[in-house]
Amino acid sequence: MPKEYRTIREVAGPLMMVSDVENVKYDELGEIELRDGETRRCKVLEIDGNNALVQLFDSAAGINLADSKIRFLGRSMQLPVSPDMLSRVFDGLGNPIDDGPALIPEKRLDINGTPMNPAARNYPQEFIQTGISAIDGLNTLVRGQKLPIFSASGLPHAQLAAQIARQATVRGKNEQFAVVFAAMGITFEESNYFINSFKETGAIDRTVMFVNLANDPAIERIATPRMALTAAEYLAFDLGMHVLVIMTDITNYADALREVSAARKEVPGRRGYPGYMYTDLATLYERAGRLRGKDGSITLIPILTMPEDDKTHPIPDLTGYITEGQIILSRELYRKGVTPPIDVLPSLSRLKDKGIGEGRTRKDHSATMNQLFAAYARGKDARELMVILGEAALTDMDKKYAEFAEAFEKEYVSQGYEANRSIEETLDIGWRLLHILPRSELKRIKDETLDEYYDKQ
């Protein structure tokens, strides 16, 4: 039976000081019992001699120092796991919130996980089809990769996240992805949108959802992605499933980290975020991957909104260092009605060449990808020249490239949130668009590939 203490000395906001404690450890869970028998959960943030600083998961309202007692549970936070988790919705602390029965756990796992030995990792290399041309064709996602989406406030990252969760599949193996979806600091409307979107399409049957709302405590927001990754590790490495983890919004998570850090009076780093934010984000992102000797895999798509659309802000900046590329959404494309508004030129998947080519996608994939990038870049330059100098200043070839850029955005990038394109469809659209340009301009594609695909369009 855990020892009870009546030595609560001080409550300041979400923090509480308890004195004269014995054998209490960092990150240990505790329960506070109020006079009327109500219990509230807390976690140890700091130990200094016999004094413990704890953070409350709930409000501090109504806690009377003299009448309340606290007991420490001798363990850190755990998530009960079982195969029945699929199709269920949980809060940020792993409690069911979908009116379904309580989970009968197969086991309980520490939410901090166990670090993956780098030598035991398998290289990510199998193509994942998301059904979205701008990702599949130009910034290919591979199994075991960490590929974040950089968005901004007001852009439709929620629709894009739901679309990827519904459509993601590994081709040719008849293997569907299990999806673990973690939402942090979102509104009730957004939460409803995700849940209803998954239910309508049947995707909920292969999804585990963790939802932390904007009015939930900051400490719960910090636990939410760890809960989701623990569930993913169980599904991937215990049950041998291929798991796609989508986390939105990492910016809300980082803000909760800053809030807790400020409450602890820690020395702030850039923009007030704690100096250890890089390490903290790495402990999340690096839980994705493939392990030797294990069938399952974890592929991670974290979504973050860049404050003030600033790529150099600490959150996207640090995320970019840890992950293997980024998909960037563009406000300019969004205003033009392009959906999803993926800006393909600054977007990058560092592992794209590992998942494409003959036997994975199609042998013309790599060459057409390079040619589309080059043609779109030149077409955008031509459009900018047209704005500055007028159309008369452009050569005939520049006009062709400007026409290509316009068609590329309308037909290739823009496909709506319901279209699920196969990689063959995506590549065929690319060839159709390259027909706007004369064959002599397609210098990045070998003649034999042009003979086979360009001349047949």
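The first residue of the sequence shown is numbered 1, and numbering continues consecutively from there.
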**Student:** CE/M241 to CD1/I298 distance, rounded to the nearest 0.5 angstrom?
**Tutor:**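 Nearest 0.5 Å value for the CE-CD1 distance: 12.0 Å.
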
**Student:** If the threshold is 4.0 Å, N to carboxylate O, is there a salt bridge linking R41 and D58?
**Tutor:**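 No.
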
**Student:** Out of I164, V180, T130, which one pairs with L244 under the side-chain contact (heavy atoms from CB on, under 4.5 Å) rule?
**Tutor:**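 It is I164; the other options fail the test.
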
**Student:** Roughly how far, to the nearest 0.5 Å, is the CZ atom of F188 from the CG atom of N215?
**Tutor:**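 These two atoms lie 10.0 Å from each other.
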
**Student:** P340 and L160: which non-hydrogen atoms are nearest, and at how many Å?
**Tutor:**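 What the structure gives for the nearest pair is CB-CD1, 3.9 Å.
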
**Student:** Counting C-beta onward and ignoring hydrogens, is there a side-chain heavy-atom pair between R444 and L442 closer than 4.5 Å?
**Tutor:**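 With C-beta onward as the side chain, the pair stays apart.
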
**Student:** Between D343 and E332, is any pair of side-chain heavy atoms under 4.5 Å apart?
**Tutor:**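 No - every pair of side-chain heavy atoms lies 4.5 Å or more apart.
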
**Student:** Under the side chain to side chain donor-acceptor pair (under 3.5 Å) criterion, do N112 and D27 qualify, and how do the steps go?
**Tutor:** CA-CA 10 Å; N112 295 305; D27 215 28; 3.1 Å; yes

**Student:** If you count heavy atoms of other groups shown closer than 6.0 angstrom to OH of Y276, is the number above 12?
**Tutor:**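 Atom OH in Y276 is crowded, with more than 12 foreign heavy atoms closer than 6.0 Å.
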
**Student:** So with a 6.0 Å cut-off around NZ of K336, is the heavy-atom count from everything else above 12?
**Tutor:**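 Above 12, so yes.
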
**Student:** Would you name the heavy atoms of I436 and K400 that are closest together and state the gap between them?
**Tutor:**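 Reported closest heavy-atom pair: O-CD, 3.3 Å.
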
**Student:** If you look at every heavy atom in Y234 and M85, which pair is closest and at what distance?
**Tutor:**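 Result for this residue pair: CD2-SD, 4.5 Å.
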
**Student:** Report the residues that fulfil side chain to side chain contact (heavy atoms under 4.5 Å, CB included) with Q55, sequence neighbours left out, ordered by chain and then residue number.
**Tutor:**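 If we apply the side chain to side chain contact (heavy atoms under 4.5 Å, CB included) test to Q55, skipping adjacent residues, the hits are P14, L15, L45, I219, V260.
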
**Student:** List the steps, then state whether side chain to side chain donor-acceptor pair (under 3.5 Å) holds for S347 with N139.
**Tutor:** CA-CA 7 Å; S347 296; N139 295 290; 4.6 Å; no

**Student:** Are D280 and R226 ion-paired here, with the side-chain N under 4.0 Å from a carboxylate O?
**Tutor:**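 Looking at R226 together with D280, the answer is yes, because their closest N to O distance falls below 4.0 Å.
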
**Student:** Just by modelled atom types, is the S330 backbone N or O under 3.5 Å from a matching donor or acceptor in the R335 side chain?
**Tutor:**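 No; zero donor-acceptor contacts below 3.5 Å.
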
**Student:** Can a salt bridge be assigned to the pair R287 and E233 using a cut-off of 4.0 Å between side-chain N and carboxylate O?
**Tutor:**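 Looking at E233 together with R287, the answer is yes, because their closest N to O distance falls below 4.0 Å.
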
**Student:** Could you state the interatomic distance from OG (S151) to CG (L329), rounded to the nearest 0.5 Å?
**Tutor:**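 With rounding to 0.5 Å, OG (S151) is 4.5 Å from CG (L329).
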
**Student:** Compare all side-chain heavy atoms of E441 with those of R378 and state whether any distance is below 4.5 angstrom.
**Tutor:**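 In short, these two side chains touch, coming nearer than 4.5 Å.
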
**Student:** Okay, side chain of S82, backbone of P105: is any donor-acceptor separation there less than 3.5 Å?
**Tutor:**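 Such a contact is absent between S82 side chain and P105 backbone.
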
**Student:** So which heavy atom on K352 is nearest to which on T140, and how close?
**Tutor:**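 Closest approach of K352 to T140: CB-N, 3.7 Å.
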
**Student:** Can a donor-acceptor pair be found, under 3.5 Å and without considering hydrogens, that links the side chain of Q125 to the backbone of G355?
**Tutor:**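 Side chain of Q125 to backbone of G355, a donor-acceptor pair under 3.5 Å: no, none is there.
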
**Student:** Above 12 or not: heavy atoms from other molecules or residues under 6.0 Å from NZ of K446?
**Tutor:**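 Count not over threshold, so no.
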
**Student:** Side-chain contact test, heavy atoms from C-beta onward, threshold under 4.5 Å: evaluate it for Q326 versus I149 and give yes or no.
**Tutor:**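 No, their side chains stay 4.5 Å or more apart.
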
**Student:** Any Lys/Arg nitrogen of E409 or R383 sitting under 4.0 Å from an Asp/Glu carboxylate oxygen of the other?
**Tutor:**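 Yes, charged N to carboxylate O under 4.0 Å.
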
**Student:** Y401: what forms a ring pair (Phe, Tyr, Trp, His ring centres under 6.0 Å) with it, not counting sequence neighbours?
**Tutor:**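 Checked Y401 against ring pair (Phe, Tyr, Trp, His ring centres under 6.0 Å); zero matches.
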
**Student:** Report yes or no: does D295 contribute a side-chain atom to a donor-acceptor pair with the main-chain N or O of G240 at less than 3.5 Å?
**Tutor:**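 No, because the side chain of D295 does not come within donor-acceptor range (under 3.5 Å) of the backbone of G240.
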
**Student:** How long is the span from the CD atom in E220 to the CE atom in M227, to the nearest 0.5 Å?
**Tutor:**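 E220 CD to M227 CE: 8.5 Å, rounded to 0.5 Å.
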
**Student:** Does L138 reach the side chain of L372, with side-chain heavy atoms less than 4.5 Å apart?
**Tutor:**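 Yes, side chains in contact.
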
**Student:** Pair D136, T426 - check side chain to side chain donor-acceptor pair (under 3.5 Å), show working.
**Tutor:** CA-CA 8 Å; D136 292 349; T426 290; 5.2 Å; no

**Student:** For this output row, return yes or no: ring centroids of F181 and F194 closer than 6.0 angstrom.
**Tutor:**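 Distance test on ring centres: under 6.0 Å, yes.
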
**Student:** When you check the gap from the basic side-chain N to the acidic O, do K380 and E406 get nearer than 4.0 Å?
**Tutor:**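 No.
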
**Student:** Check the surroundings of atom CD in E391: do more than 12 heavy atoms from other residues, nucleotides or ligands lie under 6.0 Å from it?
**Tutor:**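 Atom CD in E391 is not packed in, count stays at 12 or less.
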
**Student:** For a side chain to side chain donor-acceptor pair (under 3.5 Å) check, start with the C-alpha distance between Q129 and T169, then their side-chain angles and the critical distance, and finish with the verdict.
**Tutor:** CA-CA 5 Å; Q129 182 173 289; T169 181; over 6 Å; no

**Student:** Indicate the ring-plane relationship of H435 and Y454, choosing parallel, tilted or perpendicular according to the 30° and 60° boundaries.
**Tutor:**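 Taking Y454 first and then H435, their aromatic rings lie parallel (interplane angle under 30°).
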
**Student:** Does any pair with a residue in residues 354-363 pass side-chain hydrogen bond (donor to acceptor under 3.5 Å, both in side chains), and if so which ones, sequence neighbours excluded?
**Tutor:**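 Listed once each, the pairs are T361-H365, R362-D364, R362-D428, K363-E452.
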
**Student:** I'd like to know if R221 pairs up with E259 as an ion pair, taking the criterion as any Lys NZ or Arg NE/NH1/NH2 lying under 4.0 Å from an Asp or Glu carboxylate oxygen.
**Tutor:**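 Judged by the 4.0 Å cut-off on N to carboxylate O distance, R221 and E259 do not form a salt bridge.
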
**Student:** Quick check: does any side chain N or O of S261 sit under 3.5 Å from a backbone N or O of L257, one acting as donor and the other as acceptor?
**Tutor:**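 Such a contact is absent between S261 side chain and L257 backbone.
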
**Student:** Can R270 and D317 be said to form a side-chain contact (heavy atoms from CB on, under 4.5 Å), step by step?
**Tutor:** CA-CA 11 Å; R270 275 199 294 166; D317 189 32; 3.0 Å; yes

**Student:** Looking at E424, I want to see if its CD is surrounded by more than 12 non-hydrogen atoms of other residues, nucleotides or ligands under 6.0 Å.
**Tutor:**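 Enclosed.
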
**Student:** Going from CG on L229 to CG on L109, what distance comes out if it is rounded to the nearest 0.5 angstrom?
**Tutor:**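 L229 CG to L109 CG: 12.5 Å, rounded to 0.5 Å.
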
**Student:** Centre-to-centre under 6.0 Å for H313 and Y273, is that the case here?
**Tutor:**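 That pair passes the under 6.0 Å test.
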
**Student:** Would you indicate whether the side-chain heavy atoms of I303 and I246 approach each other to under 4.5 Å?
**Tutor:**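 SC-SC contact between I246 and I303 confirmed.
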
**Student:** Does I135 reach the side chain of I327, with side-chain heavy atoms less than 4.5 Å apart?
**Tutor:**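 Yes, side chains in contact.
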
**Student:** Would you give the length of the straight line joining atom NE2 of H157 to atom CG of D249, rounded to the nearest 0.5 angstrom?
**Tutor:**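 Spacing of NE2 (H157) from CG (D249) equals 5.5 Å.
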
**Student:** Do the side chains of R421 and Q167 get nearer than 4.5 Å, heavy atoms only?
**Tutor:**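 They are not in side-chain contact.
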
